[in-house]
Undergrad: 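Shown below is the structure under consideration.
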Amino acid sequence: MSKRENLRNVAIIAHVDHGKTTLVDQLLKQSGVFRENEEVNERVMDSNDLERERGITILSKNTAVMYNGTKINIVDTPGHADFGGEVERILMMVDGVVLLVDAFEGCMPQTRFVLKKALGLGKKPLVVLNKIDRPGARPEEVVDEVLDLFIELGADEDQLDFPVVYASAKDGYASDDPSVKGEDMTPLFDAIINEIPAPEGDPDGGLQLLLSNIDYDRFIGRIGVGRVERGSVKNGQQAVLCHSDGTTTNVKVAKLYQFEGLKRVESETAEYGDIVCVSGIGDINIGETLCDPENIDPLPFVKIDEPTVSMNFIVNNSPFAGQDGKYVTSRNIRDRLFREIETNIALRVEETDSADTFKVSGRGELHLSILIETMRRENYEFQVSRPQVITKTIDGVLCEPIEYLMIEVPDNYVGAVMEKLGSRKAELVNMGTRDSGVTHIEFKIPSRGLMGYRPEFLTDTNGNGIMNHVFDSYEPYKGEIITRHQGSLVAFETGDSVAYGLFQAQDRGRLFIGPGVPVYEGMIVGESPKAGDIVVNVCKKKHITNTRASGSDDALKLTPPTILSLEQCLEFIADDELVEVTPNNIRMRKTILSKEQRMKKQFRKK
């Protein structure tokens with residue numbers, strides 16, 4: 001086995017909003033990837049439209065920089081627990097990880113999740129405390145928290161002896177001492193070179209290339225991204241593709257690419273340790289191995305955690321079906337969903353007894369809502385049901401997914417939060433106060449209990465609370481949880497909403513639509529403050545007469561409607577309701593549109 005001292009492969013892992021993508025920006029800028037006069041966007045790695053709009057990273061992405069003659073391959077990863085599958089698979093490509101921790105917030109749920117995976121695979125950690133210039137930063141305490149987390153997760157002695165770098169990614173500097181402001185990112189570059197191990201491998205062994213990601217190019221087709229574990233690979237080389245099911249296919253590497261900055265650059269050859277892209281192989285998939293034809297030796301792929309939440313994707317059968325979308329049939333939706341699972345490996349798609357319904361399972365509501373939003377922008381039109389948790393029977397006991405929930409709220413809101421979470425079967429694990437008048441609370445709570453809780457939490461804390469959660473384990477079923485105490489305001493007839501009808505309806509509850517909006521019978525137009533649905537006629541027009549009465553013809557004053565986002569719609573709907581998703585509209589509706597049919601079904605239940 002020999003080492004390549006001029007190469008380092010590292011992943012940047014952290015909780016959401018701790019500054020991973022901003023840090024990568026600075027590493028790219030200070031390594032000379034961009035020209036001095038080049039105009040560069042903030043968070044340049046977040047290239048996807050959805051990522052830019054939401055300010056989050058959704059997909060893992062590769063880049064590479066040169067520092068003092070050493071090439072550093074960097075993988076930027078998502079911070080949300082729902083996209084944990086992206087983090088798990090790319091850990092196979094790297095030799096070490098940069099664990100980024102906010103110097104004010106400290107260790108958060110996703111920090112625990114990604115670190116557990118990295119330590120389990122034996123990766124060498126380098127801890128970076130980011131945002132040390134933030135008011136209220138507490139670097140010494142956070143280092144102790146990180147050490148406690150390492151011990152709790154069973155790190156070995158070598159991993160426990162982790163180096164620490166203090167940085168401010170926003171201001172572009174790093175330092176070995178929290179009290180000394182650095183000038184640039186040199187201390188971090190040096191730490192990566194000195195602490196992250198160089199790739200090891202057998203240069204003379206046959207080719208062995210493990211694929212950890214799939215990219216797509218309109219001109220080239222499918223591109224496999226992976227790391228050369230052994231030997232070398234050349235342009236035009238013949239190889240054997242070992243599939244996950246044990247079968248093999250003879251293939252040819254048509255083009256070989258390596259990363260340089262933000263670009264893929266054609267390369268004639270690559271050696272062990274290099275992260276490369278290969279094209280020209282049609283049926284290439286994540287977790288497969290490219291081998292030398294004379295030495296077929298497939299590598300095992302990391303086990304990806306199972307999904308915890310599922311929902312049904314249904315062909316749109318509302319009265320307004322087909323008005324917006326281009327792809328509306330069950331075949332269109334089926335093809336798109338099965339195409340998605342080729343690259344989104346944490347997702348599962350199953351066909352059901354109905355040809356119009358597909359069961360889609362993922363890591364959480366955000367994971368599924370990003371898929372829904374992506375399909376909506378691609379001109380798909382469909383309906384989705386309320387998210388349901390996936391239960392398991394373990395040793396004859398029905399078990400459900402439990403989330404580890406961390407909450408930070410001002411002291412005077414603690415009572416309201418504890419009361420609401422208590423009714424949702426949450427168990428208090430830890431509680432402490434910070435100097436800034438904020439209380440830090442940790443809970444274990446069923447995933448069911450968190451569904452629909454975020455709007456209540458924001459209301460209870462007047463928008464001052466912060467909540468984060470990550471999947472913890474499966475535990476015995478906790479019993480029934482009532483997550484929604486309000487009913488819906490349901491449209492009485494099909495037509496366009498009118499100010500007069502809305503004026504009469506707004507006394508019944510909170511409205512979701514304004515005047516001039518097309519509605520149909522059974523469509524949800526608002527929220528009732530009481531349990532149970534109320535049917536309202538928002539299309540009702542004022543009866544016109546020749547008689548004028550003083551005061552009755554005054555201008556109507558309507559309360560502005562609450563416009564719900566896709567995630568808010570998914571959290572709002574009950575089991576007998578659906579969200580209708582089209583390229584131009586997001587509507588909520590009852591599964592059974594007719595009032596008479598709903599009443600008959602309710603009567604039969606009794």
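Heads up: numbering here begins at 1 and tracks the sequence.
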Undergrad: Using a 3.5 Å distance criterion without hydrogens, assess whether the side chain of Thr308 forms a donor-acceptor pair with backbone atoms of Arg363.
TA: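 Between the backbone of Arg363 and the side chain of Thr308 there is a qualifying donor-acceptor contact (under 3.5 Å).
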Undergrad: Checking side-chain polar atoms at under 3.5 Å, does Asn585 have a donor or acceptor matched by the opposite partner on Asp324?
TA: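 Note: Asn585 and Asp324 side chains meet the donor-acceptor criterion.
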Undergrad: Please report the shortest heavy-atom distance between Arg424 and Gly449, naming the atom on each side.
TA: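 Closest approach of Arg424 to Gly449: NH1-O, 2.6 Å.
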Undergrad: Check the side chains of His15 and Asp102 for a donor-acceptor pair under 3.5 angstrom, ignoring hydrogens and angles.
TA: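 No.
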Undergrad: When rounded to the nearest 0.5 angstrom, what distance separates CD1 in Ile592 from CD in Gln602?
TA: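 The CD atom of Gln602 is 10.0 Å from CD1 of Ile592, to the nearest 0.5 Å.
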Undergrad: So does Val490 get a backbone contact from the side chain of Ser488, meaning a donor-acceptor N/O pair under 3.5 Å?
TA: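 Not at all, since once roles are kept as given, no pair shorter than 3.5 Å links the two residues.
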Undergrad: Rounded to the nearest 0.5 Å, how far does NZ of Lys131 lie from CD of Glu105?
TA: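 Here the rounded value is 6.5 Å.
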Undergrad: Are Leu564 and Phe512 side-chain neighbours, meaning at least one heavy-atom pair lies under 4.5 Å?
TA: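 With C-beta onward as the side chain, the pair touches.
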Undergrad: Donor-acceptor check, side chain of Arg376 to backbone of Pro583, threshold 3.5 angstrom: yes or no?
TA: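 Yes; at least one donor-acceptor contact below 3.5 Å.
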Undergrad: Indicate whether any N or O donor in one side chain lies under 3.5 Å from an N or O acceptor in the other, for Asn584 and Gln323.
TA: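 No pair is found: no donor N or O on one side chain lies under 3.5 Å from an acceptor on the other.
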Undergrad: Aromatic ring centroids of Phe382 and Phe313 under 6.0 Å?
TA: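 Yes, ring centres under 6.0 Å apart.
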Undergrad: Just verifying a value: how many Å separate Ile524 CD1 and Ile573 CD1, rounded to the nearest 0.5 Å?
TA: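 That separation rounds to 7.5 Å.
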Undergrad: In sequence, state the C-alpha distance, the side-chain angles, and the governing distance for Ile390 and Tyr474, and then conclude on side chain to side chain contact (heavy atoms under 4.5 Å, CB included).
TA: CA-CA 10 Å; Ile390 299 171; Tyr474 271 85; 4.3 Å; yes
Undergrad: With Gln506 as reference, evaluate Leu558, Val538, Leu489 under the side chain to side chain contact (heavy atoms under 4.5 Å, CB included) test and give the passing residue.
TA: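 The residue from Leu558, Val538, Leu489 that satisfies side chain to side chain contact (heavy atoms under 4.5 Å, CB included) with Gln506 turns out to be Leu558.
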Undergrad: Flag this pair as yes if the NZ/CZ of Lys541 is under 6.0 angstrom from the six-membered ring centre of Tyr500 and inside a 45 degree cone about the axis; otherwise no.
TA: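 Verdict for Tyr500: no cation-pi partner in Lys541.
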Undergrad: Is it true that Lys478 and Glu427 have a side-chain N and a carboxylate O under 4.0 angstrom from each other?
TA: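 Counted as a salt bridge, because a side-chain N and a carboxylate O are separated by less than 4.0 Å.
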Undergrad: Determine yes or no for a side-chain-to-main-chain donor-acceptor pair under 3.5 angstrom, with Gln568 supplying the side chain and Ser565 the backbone.
TA: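 At least one qualifying donor-acceptor pair exists.
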Undergrad: Ignoring hydrogens and angles, tell me if any N or O in the side chain of Arg598 forms a donor-acceptor pair with the backbone of Leu593 under 3.5 Å.
TA: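 Yes: the side chain of Arg598 pairs with the backbone of Leu593.
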Undergrad: Tell me yes or no: between the side chains of Thr494 and Glu521, is some donor less than 3.5 Å from an acceptor?
TA: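 Looking only at side-chain atoms, Glu521 and Thr494 do not form any donor-acceptor pair under 3.5 Å.
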Undergrad: Does the pair Lys601 and Glu596 meet the rule for a salt bridge (charged side-chain N to carboxylate O under 4.0 Å, His left out), with working shown?
TA: CA-CA 9 Å; Lys601 185 176 181 183; Glu596 286 75 22; over 6 Å; no
Undergrad: Using a 4.5 Å cut-off on heavy atoms from C-beta on, say whether the side chain of Leu578 contacts that of Met588.
TA: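 Side-chain contact under 4.5 Å: no.
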Undergrad: For Ser497 and Val517, indicate whether the former's side chain and the latter's backbone hold a donor-acceptor pair under 3.5 Å.
TA: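 Confirmed, Ser497 side chain pairs with Val517 backbone.
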Undergrad: Nearest 0.5 Å, what's the CD-CD distance between Glu571 and Glu365?
TA: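 Between atom CD of Glu571 and atom CD of Glu365 there are 5.0 Å.
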Undergrad: I need the single residue from Leu450, Val429, Leu421 that forms a side chain to side chain contact (heavy atoms under 4.5 Å, CB included) with Phe443. Which is it?
TA: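 That would be Leu421; it is the only one of Leu450, Val429, Leu421 passing the side chain to side chain contact (heavy atoms under 4.5 Å, CB included) with Phe443.
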Undergrad: Looking only at heavy atoms, what is the nearest atom pair of Ile220 and Ser279, with distance?
TA: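 Looking at all heavy atoms of both residues, the closest pair is CG2-CB, 3.2 Å.
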Undergrad: With distance as the sole test, does Glu577 use its side chain to make a donor-acceptor pair with the main-chain N or O of Ala574 at under 3.5 Å?
TA: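 Judged by distance alone, yes, a pair lies under 3.5 Å.
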Undergrad: Give a yes-or-no answer on whether the side chains of Thr591 and Asp576 include a donor-acceptor pair shorter than 3.5 Å.
TA: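 Side chains of Thr591 and Asp576: no pair found under 3.5 Å.
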Undergrad: Charged N to carboxylate O below 4.0 Å: is that the case for Arg510 and Glu527?
TA: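 Answer for the salt bridge query: yes.
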Undergrad: Walk me through whether Arg334 and Glu351 qualify under salt bridge (charged side-chain N to carboxylate O under 4.0 Å, His left out).
TA: CA-CA 9 Å; Arg334 182 188 184 280; Glu351 297 192 57; 3.0 Å; yes
Undergrad: Taking Arg222 for its side chain and Ile284 for its backbone only, find out whether a donor-acceptor pair lies under 3.5 Å.
TA: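 Yes, the answer is positive, given that a donor and an acceptor are paired below the 3.5 Å cut-off.
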Undergrad: For the atom pair CZ (Arg604) and CE (Met599), what is the distance rounded to the nearest 0.5 Å?
TA: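 If I round to the nearest 0.5 Å, the distance is 12.5 Å.
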Undergrad: Closest heavy-atom contact between Val389 and Ser447?
TA: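 Answer, listing the atom of Val389 first, then Ser447: CG1-CB, 3.6 Å.
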Undergrad: Hey, are Ser369 and Glu567 close enough side-chain-wise for a donor-acceptor pair under 3.5 Å?
TA: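 Short answer, yes.
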Undergrad: What's the shortest heavy-atom distance between Val315 and Val328, and which atoms?
TA: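 Distance-wise, the nearest heavy atoms are CG1-O, 3.5 Å.
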Undergrad: Do Phe471 and Tyr404 have their ring centres less than 6.0 Å from each other?
TA: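 No.
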Undergrad: Taking Glu381 for the side chain and Gly322 for the main chain, is one N or O donor matched with an acceptor at less than 3.5 Å?
TA: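 Side chain of Glu381 to backbone of Gly322, a donor-acceptor pair under 3.5 Å: yes, one is there.
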Undergrad: Decide yes or no on side chain to side chain contact (heavy atoms under 4.5 Å, CB included) for Leu366 and Leu368, but give the supporting numbers first.
TA: CA-CA 5 Å; Leu366 184 64; Leu368 294 171; over 6 Å; no
Undergrad: Between CD1 of Ile286 and CG of Asn344, what distance do you get to the nearest 0.5 Å?
TA: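 Going from CD1 on Ile286 over to CG on Asn344, the span is 8.5 Å.
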Undergrad: Taking ring-ring contact (aromatic ring centres under 6.0 Å, His included) as the definition, give me every residue that meets it alongside His367, ordered by chain and number, with sequence neighbours left out.
TA: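 Testing His367 for ring-ring contact (aromatic ring centres under 6.0 Å, His included), a comparison that skips the adjacent residues, returns none.
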Undergrad: Ignoring hydrogens and geometry beyond distance, is a side-chain donor-acceptor pair present between Asp335 and Tyr327 at under 3.5 Å?
TA: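 Note: Asp335 and Tyr327 side chains miss the donor-acceptor criterion.
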Undergrad: Under 3.5 Å, is there a donor on one side chain and an acceptor on the other for Thr329 and Asn332?
TA: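 Checked: Thr329/Asn332 side chains pair up, N/O donor to acceptor below 3.5 Å.
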Undergrad: Assess whether salt bridge (charged side-chain N to carboxylate O under 4.0 Å, His left out) is satisfied between Glu456 and Lys420, documenting all intermediate values.
TA: CA-CA 9 Å; Glu456 285 186 35; Lys420 286 281 175 68; 3.6 Å; yes
Undergrad: Test your reading of the model: is there a side-chain donor-acceptor pair from Asn312 to the backbone of Ile314, 3.5 Å cut-off?
TA: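 Answer holds: no.
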Undergrad: I'd like to know if Glu306 pairs up with Arg348 as an ion pair, taking the criterion as any Lys NZ or Arg NE/NH1/NH2 lying under 4.0 Å from an Asp or Glu carboxylate oxygen.
TA: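 Salt bridge flag = yes for Arg348 with Glu306.
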Undergrad: Checking side chain to side chain donor-acceptor pair (under 3.5 Å) against Glu580, which of Arg589, Arg587, Gln383 comes through?
TA: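 Of the listed residues Arg589, Arg587, Gln383, the side chain to side chain donor-acceptor pair (under 3.5 Å) partner of Glu580 is Arg587.
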Undergrad: Any luck finding a side-chain donor-acceptor pair between Thr391 and Glu400 under 3.5 Å?
TA: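 No pair is found: no donor N or O on one side chain lies under 3.5 Å from an acceptor on the other.
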